[in-house]
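Everything numeric here is computed off the predicted structure, so don't read it as measured data. To find a chain, count down the sequence lines: A is the first, B the second, and so on, and within it residues start at 1.
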Amino acid sequence: MAKDQKVMQSIPVLSSSKTKMKHKPKHLRIDQIAGYGFIMPTVILLSMFVFYPFFQSIYLSFFMTDPLGNVVKFVGFQNYVELFTDKEFLNSLKITFLFTVFTVPTGIFIALILAVLTNNKSKGMRGFQFIFALPIAMSVGTSSIIWLLLFNPTAGVLNYLLNVVGVESIQWLTNPDWALLSISIMTIWMGLGLDFIILLAGLQAIPDDLYESAKIDGAGSLTIFTKITIPLLSPTIFFVLIISVINALQAFGQFNVLTGGGPMKSTNVFVFSLYQEAFVNFQFGLGSTRAFVLFVIIVLLTWIQFKVGEKKVHYQ
Amino acid sequence: MQYKLNLITFLFVSFLLILTVGCSSGTAEATEPSGNDNNTEETSAPEVTTEVVFWHSMGGVNGETLEGMIEDFNDSQDDIFVKPIFQGGYADSLTKLKTSLNSNSGPAIMQSNFISSGPMIDTKKIAPIQDFVDLENYDLSQLDGNVLGAYEMDGQLNAMPFNASTLLMYYNKDMFEAAGLDPNDPPETYEEVKAASAQLSGDGKYGASFGVSSYYIEQFITVQGAELVDNGNGREGLATKSLLNTQEAVDTYTWWKDMVDSGYMLNLGTNVADTHQAFLSEQVGMTLGSTAALKKMLNGAEGKFEVGTAFIPHPEAKTGEGGVSVGGGSLYIMNNKPTEVQQAAWEVIKYLMEPEQQAHWYINTGYFSINKLAYDLPEVVEALEQFPQFTTALEQLEVALENNAGSNAGKGPVLGVYPDARTVTTEAMEKVLNDAQTPKEALDEAAEEITKKITRYNETVQ
C-alpha cells in the first residue's frame with residue numbers, strides 16, 4: 001500500500017490539474033472523456049482477449065463438451081471433483097513446482113552474474129551484452145527445435161561432446177530421470193536474455209556517485225556488491241522473480257515440442273495437461289477446470305511473494 | 001486550452017471509430033470467401049472455378065509428390081481449382097479440423113489417418129463417399145476391396161482410402177550378413193527377432209530399435225488376431241471398453257521389455273524419427289516404420305547398405321492368427337460445404353484414384369496403390385523389379401487378409417477417444433520399460449483409464 005501512495009505522489013502534474021478542475025466542471029468532463037479515450041483501446045483489447053475468455057473458461061469448467069467442443073450438459077462441480085481426485089493432478093503440480101524451482105533461481109543467478117560482469121565501460125562490453133541478451137529474440141518454438149537437435153540421442157552435439165570426453169551418452173529426453181532436467185537447462189538458457197536485460201537496466205540505473213563515495217570510504221568490491229548493488233537492485237530482482245515464477249508456471253511450448261509430457265508423464269507440467277485435455281481430447285470442461293485452478297495458484301503465489309518479498313525489497 | 005482538449009477528444013473518438021471500422025471490415029473479409037465458397041471467382045482462383053481446399057498431412061517427399069499431382073489436376077481442367085494446405089501431422093490436422101468445424105473455415109477434402117475414423121465420423125460433418133458412389137454408380141470394383149473394407153461401416157463407405165500403408169520391419173541386409181545371418185530370411189517371430197538381435201548386438205550396435213509408438217503396439221496386437229476395443233472393435237456400435245490388457249498385449253510388452261533389458265534393443269523413446277536415424281546410421285539392425293517411410297529409407301541408405309523389408313513379427317504361438325490392418329490415410333468430404341464444392345471434391349478424389357495417378361503415387365512414396373489396375377502399368381512393373389522391397393507390404397496385407405478373413409480385429413479399431421488412447425498406450429510402454437510397473441499392471445491400469453475416457457466420451461456423442 002505504501003508503494004501506491006508513493007506512486008500517487010510521483011505524479012504531481014495530474015494531481016495539480018485535478019485541483020484546478022474542481023472549479024471548472026466542463027473541463028472535468030472533457031478531461032474524463034479524454035482519459036477514458038486513452039484507456040479505451042487497452043480496455044477493449046483486454047476485454048476481448050483476456051476478460052471474456054477468462055469468464056468463458058470459468059463457465060465452461062462447469063460443463064461437458066462434445067467432440068467439437070460444443071457444450072453438451074451442465075455437470076456442476078464434477079470436473080473439479082474429477083481433477084482433484086485424479087492422482088495425475090498432484091504429480092503434474094509437483095512437476096510444475098520442481099520445474100519452477102529448477103529454473104527460476106538458477107536463471108536469475110546466472111543472469112545477475114552476467115549483468116554485473118558486463119556492467120562496466122570496458123571496451124567490447126557492448127558486444128557481450130548483445131550476445132547475452134540474444135536468446136530474447138528467439139521464440140519458444142525455434143529454441144525448442146534447436147535444443148531438440150542438440151539433445152538428439154544419436155546425432156546430437158551434447159552427446160557427441162560427452163563421448164569425446166569419454167562419458168557415456170545420456171538419453172536427455174527419453175530417460176524419465178533426465179527429461180525434466182534437460183528441459184530446465186533449455187529453459188534457463190531461453191529465459192536468460194530477458195532476465196539479463198532487465199537486471200542490466202536495473203544496474204545501470206544505480207547512480208555512479210554512490211559507488212564513488214563508497215570507494216572513497218574504502219569499501220571493497222564485495223562490500224560494494226552486497227551493500228550497494230544488491231539492495232539497490234532488489235526491486236528489479238523482485239520484479240524478475242515475479243515474472244519468472246509466473247512464466248515457469250505457465251511454461252508449455254518447450255514441453256510440447258521436446259517431450260510431449262513424457263516419458264512416463266515425467267514432464268507433464270500443468271499447462272501441458274491443460275492443453276492435452278482441451279485441445280487434443282477436446283474436453284474443454286476439464287481443460288477449463290485446470291486453467292482456473294492454475295489461475296488461483298498463480299494469484300496465491302504472487303500474493304505470497306508480495307507479502308514476503310516486499311519487506312526485503314529496498315525502494316529508493 | 002479548451003480547443004486543445006477538444007482536439008484530443010476528437011482524435012480519440014476518431015481513433016476508436018477507425019478501430020471499430022477496421023475490425024468489422026476485417027471480419028467481413030475473413031468470412032466472405034468461406035461462407036460463400038462458390039463466389040471465389042473474384043478473390044483467389046484464377047479462372048471461373050470452384051475452389052476445393054484440401055488439407056493434407058503429407059510432409060517431405062510424400063508431400064511434394066501429392067502437391068505435384070494436385071498441380072497436374074489443376075492444369076488438366078478449368079472448372080475446379082484445388083488448393084492443398086499442409087496441416088502438420090494427422091493429429092495436429094485433426095485438432096485444427098475440429099476447431100474449424102464451428103465456423104466454415106475448414107477444408108472440403110480432409111486427409112485423415114485410419115485410426116481417426118472414429119473421431120471423424122463422430123463429428124457428424126462428413127459426407128459419406130458412399131453417397132457420391134451411389135449417385136453415379138461409380139465402379140468400386142477396380143479398387144482394392146480389402147482396403148475399402150477398413151473404411152466401411154454398416155456397409156457404407158465413409159472415406160476414400162488414398163494413401164494406404166502397413167507397418168513394415170526394415171532391416172539392414174549388410175549387417176545381417178556380417179553377423180552371419182541370412183540377409184534374405186528375416187526373422188518372423190518374436191523369438192526369432194530376439195535371437196537375430198542377439199547376434200547383431202555388440203560393439204556399440206544394437207539388434208533393433210523400435211520407436212515407442214502406439215501405432216506399432218496396436219499392430220503387434222492386431223497381428224495376433226486380438227481386438228483393441230469391445231463391440232467388434234467398435235465396428236458394431238460405439239466401443240464401451242478398452243481391451244488393451246489382453247494376453248496378446250501383455251506378451252508384446254513383455255517381449256519388448258526383454259529385448260531392451262537384454263541390451264538387444266536400443267530404446268530411443270517415442271520419437272520414431274530418432275529410431276530411423278539410428279537405423280540409417282547403421283547403429284541398429286532392424287527398425288519399424290510404415291510403408292510410407294520406404295522411399296526415405298531407400299534414399300537414406302543409398303551407397304551405405306542394402307535395405308530389406310519384412311513382415312512385422314508375432315509370437316510363434318500365434319502364427320496364422322491374424323495380420324496387420326491397413327494403415328495410412330483416407331480422404332473425407334466435409335458436408336459443411338456447398339453441394340457444388342462437395343461434388344467438385346468428389347471429382348478430385350476420382351482423379352486421384354485413377355490407375356495412372358495411383359501408380360505415380362505408389363512408386364514415389366511407398367504407399368501402395370489402391371487401384372488394382374495400377375499394378376499392370378509398365379512404370380510400376382519396372383519399379384517393382386528395381387526395388388522388390390515395395391512388394392513386401394502387398395504380400396503382408398495379402399497374408400493378413402487370409403488370416404483375418406473379414407474379422408473385425410483385422411479391420412482395425414474404430415474409437416472416438418483415439419488421441420487419448422494412444423497417449424495412454426505409449427505411456428504404459430514407457431512405464432514398463434522404465435521398470436515402474438510390470439506389463440500386466442501397466443496394461444490393466446491403461447485399459448481402465450481408456451475405458452474411463454470412452455465412457456465420458458460416449459456421454460457426449462449421443
Next item on the list: Side-chain contact test, heavy atoms from C-beta onward, threshold under 4.5 Å: evaluate it for B/K453 versus A/Q283 and give yes or no.
Entry: no
Next item on the list: Under 4.5 Å, counting heavy-atom pairs only, tell me which of A/N70, A/L173, A/T259 racks up the most with chain B.
Entry: A/N70
Next item on the list: State the CG-CG distance between A/L148 and B/N271, to the nearest 0.5 angstrom.
Entry: 6.5 Å
Item checked: Proximity breakdown for A/Q32 and chain B, heavy-atom pairs closer than 4.5 Å -> neither
Next item on the list: Determine the option with the most heavy-atom pairs under 4.5 angstrom with chain A, choosing from B/D420, B/V212, B/D92.
Entry: B/D420
Notebook entry, point to check: When rounded to the nearest 0.5 angstrom, what distance separates NZ in A/K73 from OG1 in B/T460?
Noted result: 9.0 Å
Notebook entry, point to check: Should the heavy atoms of other residues, nucleotides or ligands under 6.0 Å from NZ of B/K304 be counted, would the total exceed 12?
Noted result: yes
Next item on the list: Side chain from CB out, backbone as N, CA, C, O: work out which of these in B/T99 comes under 4.5 Å of a heavy atom of chain A, or both, or neither.
Entry: both
Next item on the list: Let me know if B/Q437 has heavy atoms under 4.5 Å from chain A in its side chain, its backbone, both or neither.
Entry: neither
Next item on the list: May I ask you to name which of A/F279, A/Y36, A/F282 has the most heavy-atom pairs under 4.5 Å with chain B?
Entry: A/F282
Item checked: Distance-minimising heavy-atom pair for A/P153 and B/D274 -> CD-OD2, 3.5 Å
Next item on the list: Please round to the nearest 0.5 Å and tell me the distance separating atom CG of A/N175 and atom CD of B/E430.
Entry: 11.0 Å
Checklist line | Nearest heavy atoms of A/K265 and B/E427, plus distance in Å | finding: CE-OE1, 2.8 Å
Margin query: Measuring from atom NZ of B/K452 to atom CD of A/E82, what distance do you get when rounded to the nearest 0.5 angstrom?
Written below: 6.0 Å
Note to self: For a quick test of reading the model, state the closest non-hydrogen atom pair linking B/R456 to A/N79 and the distance between them.
What the structure shows: NH2-OD1, 3.1 Å
Margin query: For the NZ atom of B/K98 and the CG atom of A/D66, what is their distance to the nearest 0.5 Å?
Written below: 9.5 Å
Note to self: If we define contacts as heavy-atom pairs under 4.5 Å, which of A/P263, A/G261, A/G260 has the most with chain B?
What the structure shows: A/P263
Item checked: chain A interface, residue from B/L94, B/L101, B/D122 that has the most non-hydrogen pairs under 4.5 Å -> B/L101
Check: If you count heavy-atom pairs under 4.5 Å between each of A/D177, A/N281, A/V280 and chain B, which one has the most?
Finding: A/N281
Notebook entry, point to check: What part of A/T65 gets closer than 4.5 Å to chain B, counting heavy atoms only: side chain, backbone, both or neither?
Noted result: backbone
Checklist line | Proximal component of A/N152, with respect to chain B [non-hydrogen, under 4.5 Å] | finding: side chain
Notebook entry, point to check: In this structure, are over 12 heavy atoms from other groups packed under 6.0 Å from A/Y52 atom OH?
Noted result: no
